[in-house]
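The structure appears below as structure tokens.
Sequential numbering from 1 along the given sequence is applied to the chain's residues.
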Amino acid sequence: VQLQASGGGLVQAGGSLTLSCTASGGSFRRYTTGWFRQAPGKEREFVAAFGWSGNRKYTDPVAGRFTISRDNAKNTVYLRMNSLKPEDTAVYYCGVTTTVWGSVAQENVYLYWGQGTLVTVSS
């Protein structure tokens, strides 16, 4: 499975962006798809996940501001980010996993990753 992440850019605080993760060589319907992010000088951290059955999970700092969704026809998973804050600045990565739902926030269970897309939020 090859993943292509896109949609990053520069936005002012309070603004919105939508990231896309498109798969080729496989279907998202077989996997849980996760978004992670890595800020400068920090470890990669979990942001959100969309399960193969439609479950959703968010890390607390983004809950209520970010929405993860999937378009099966386009084989694409989206991350809609509203009310962006400077602390959301990071490279955002999408990945896929077949792990149990309770482990989807763990980076090391993901099988394939996209290349990352940079989100910069100015204050």
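Between the side chain of R56 and the main chain of I68, a donor-acceptor pair closer than 3.5 Å is present.
G8 and V119 get closest at one heavy-atom pair: CA-CG2, 4.1 Å. Nearest approach of F46 to K57, heavy atoms of both residues: CZ-O, 3.8 Å. Closest approach of R30 to W52, counting heavy atoms only: C-CB, 4.3 Å. Taking every heavy atom of both residues into account, S83 and S16 meet most closely at N-OG, 4.3 Å. Closest approach of A49 and Y110 over heavy atoms only: CB-OH, 4.3 Å.
Taking hydrophobic clusters as Ile, Leu, Val, Met, Phe, Trp and Tyr residues chained together by side-chain heavy-atom distances below 4.5 Å, V62 shares a cluster with V11. Residues V109 and W101 are members of one and the same hydrophobic cluster, defined by side-chain heavy-atom contacts under 4.5 angstrom among Ile, Leu, Val, Met, Phe, Trp and Tyr. Tracing side-chain contacts under 4.5 Å through hydrophobic residues (I, L, V, M, F, W, Y), one reaches F66 starting from W35; they form part of the same cluster. Both V47 and V121 are part of a single hydrophobic cluster, where members link through side-chain heavy atoms under 4.5 Å apart.
The closest side-chain heavy-atom distance from N75 to S27 is below 4.5 Å. With a 4.5 Å cut-off on side-chain heavy atoms, K85 and R65 count as touching. Annotation: side chain of T99 is not in contact with side chain of Q106 (no heavy-atom distance under 4.5 Å). Side chains of Y31 and L111 form a contact here, defined as non-hydrogen atoms less than 4.5 Å apart.
Taken to the nearest 0.5 Å, the CG atom of L118 stands 8.0 Å off from the OG1 atom of T89. Rounded to the nearest 0.5 angstrom, T120 OG1 and D88 CG are separated by 11.0 Å. Atom-to-atom distance recorded for L3:CG and S20:OG is 12.5 Å, nearest 0.5 angstrom. One finds the CZ atom of F28 at 13.5 Å from the NZ atom of K74 (value rounded to the nearest 0.5 Å). Taken from CZ in R70 to SG in C21, the straight-line distance is 12.0 Å, to the nearest 0.5 Å. Here E87 contributes atom CD and S123 contributes atom OG; the two are 10.0 Å apart, rounded to the nearest 0.5 Å.
Of the listed residues (T33, D71, T22), just one forms a side-chain hydrogen bond (donor to acceptor under 3.5 Å, both in side chains) with T76, and that residue is T22.
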Stepwise side chain to side chain contact (heavy atoms under 4.5 Å, CB included) test for T67 and Y58: CA-CA 8 Å; T67 302; Y58 301 94; 3.9 Å; yes
L79 and T18: CA distance, side-chain angles, deciding distance, side chain to side chain contact (heavy atoms under 4.5 Å, CB included) verdict: CA-CA 6 Å; L79 185 69; T18 299; over 6 Å; no
Verdict with supporting geometry, E43 and Q38, side chain to side chain contact (heavy atoms under 4.5 Å, CB included): CA-CA 6 Å; E43 298 290 319; Q38 187 167 18; 5.6 Å; no
Derivation of the side chain to side chain contact (heavy atoms under 4.5 Å, CB included) call for F50 and N55: CA-CA 6 Å; F50 193 102; N55 295 349; over 6 Å; no
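The cationic group of R37 does not satisfy the cation-pi geometry with Y93, failing either the under 6.0 Å distance to the six-membered ring centre or the 45° limit from the ring axis.
Note: W113 and F36 meet the aromatic proximity criterion, with ring centroids under 6.0 Å apart.
Counting only N and O atoms by type, the side chains of T32 and T97 include no donor and acceptor under 3.5 Å apart.
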